[in-house]
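First the proteins, then the strands, lettered A, B, ... as listed; each starts at 1. A quick note: this is a predicted structure, and the numbers were derived from the prediction, not measured.
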Amino acid sequence: GAGVSQSPSNKVTEKGKDVELRCDPISGHTALYWYRQSLGQGLEFLIYFQGNSAPDKSGLPSDRFSAERTGGSVSTLTIQRTQQEDSAVYLCASSGGPEQYFGPGTRLTVT
Amino acid sequence: GENVEQHPSTLSVQEGDSAVIKCTYSDSASNYFPWYKQELGKRPQLIIDIRSNVGEKKDQRIAVTLNKTAKHFSLHITETQPEDSAVYFCAASKQAGTALIFGKGTTLSVSS
């Protein structure tokens with residue numbers, strides 16, 4: 001079946017612009033996660049949605065970052081007023097049990 | 001919050017040798033510990049996981065051990081093959097299916 005998909009695959013933006021990253025989870029998965037992977041670094045947790053519960057936003061690095069999940073399915077991660085340190089691969093994952101299935105990621109480059 | 005340390009950052013072995021990667025965690029409430037493999041340019045994939053009520057779990061050439069008292073867990077790969085070459089990440093969470101806190105990864109290179 002279809003896995004987790006993300007769009008766009010690559011995004012180049014100028015410093016100060018806003019960007020939106022999209023994640024389509026596996027159908028039926030109630031949990032959705034956003035992580036960030038900088039070059040040579042591990043995966044940094046950003047935010048986690050579980051069903052209709054309030055999201056766990058404890059990993060968001062600043063108030064420029066926000067995310068929403070509409071209808072318990074698609075999620076959008078928004079970064080406002082992008083900075084060069086926001087450059088990274090943004091990975092989305094979904095799960096219906098213990099295993100998290102990752103998407104291919106969006107490579108964000110802030111120039 | 002939880003902090004996961006992973007060592008070594010790079011590991012080179014000869015084909016057929018064993019490889020061991022170690023992780024420590026800080027939050028005693030963590031009880032789910034997965035390991036992910038990420039090949040170059042690809043997404044991370046789960047290879048094995050262990051929960052706190054088990055001390056060891058094995059799946060063919062891969063095994064994971066957990067010491068809750070010392071708050072550390074390890075990945076063991078036996079009879080390594082070139083296709084095992086990848087970045088391996090350990091992670092911890094309070095409950096399976098919740099947010100994972102990852103280590104910084106170990107780049108394993110297996111030479112033939």
For this session: Start with the C-alpha gap between B:Lys37 and B:Glu39, add the side-chain angles, then the distance that decides, and say whether salt bridge (charged side-chain N to carboxylate O under 4.0 Å, His left out) holds.
Result: CA-CA 7 Å; B:Lys37 176 183 179 182; B:Glu39 296 178 5; 3.5 Å; yes

Contacting moiety of [X], where chain B heavy atoms sit under 4.5 Å:
{"X": "A:Glu44", "result": "neither"}
{"X": "A:Leu43", "result": "both"}
{"X": "A:Tyr33", "result": "side chain"}

For this session: Test B:Thr106 against B:Gln6 for side chain to side chain donor-acceptor pair (under 3.5 Å), laying out the working first.
Result: CA-CA 7 Å; B:Thr106 296; B:Gln6 183 171 347; 3.0 Å; yes

For this session: Identify which of A:Gly105, A:Pro104, A:Ser95, A:Ala93 forms the greatest number of heavy-atom pairs closer than 4.5 Å to chain B.
Result: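 Most pairs with chain B among the choices: A:Pro104.
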
Exercise. Looking at A:Pro98, A:Ala31, A:Gly97, which one has more heavy-atom pairs under 4.5 Å with chain B than the rest?
Worked result: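 Most heavy-atom pairs under 4.5 Å with chain B: A:Pro98.
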
Check each atom of [X] against the heavy atoms of chain A and say whether the ones under 4.5 Å are side chain, backbone, both or neither.
{"X": "B:Gln95", "value": "neither"}
{"X": "B:Pro44", "value": "both"}
{"X": "B:Ile101", "value": "side chain"}
{"X": "B:Thr98", "value": "both"}

Exercise. B:Thr80 side chain to B:Asp17 main-chain N or O, any donor-acceptor pair under 3.5 Å?
Worked result: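 Side chain of B:Thr80 to backbone of B:Asp17: a pair is present.
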
May I ask you to decide if the ring planes of [X] and [Y] are parallel, tilted or perpendicular, using 30° and 60° as cut-offs?
{"X": "A:Phe102", "Y": "B:Phe102", "result": "perpendicular"}
{"X": "A:Tyr101", "Y": "A:His29", "result": "tilted"}
{"X": "B:Trp35", "Y": "B:Phe73", "result": "perpendicular"}

For this session: Walk me through it: do A:Leu60 and A:Trp34 pass the test side-chain contact (heavy atoms from CB on, under 4.5 Å)?
Result: CA-CA 10 Å; A:Leu60 294 178; A:Trp34 284 98; over 6 Å; no

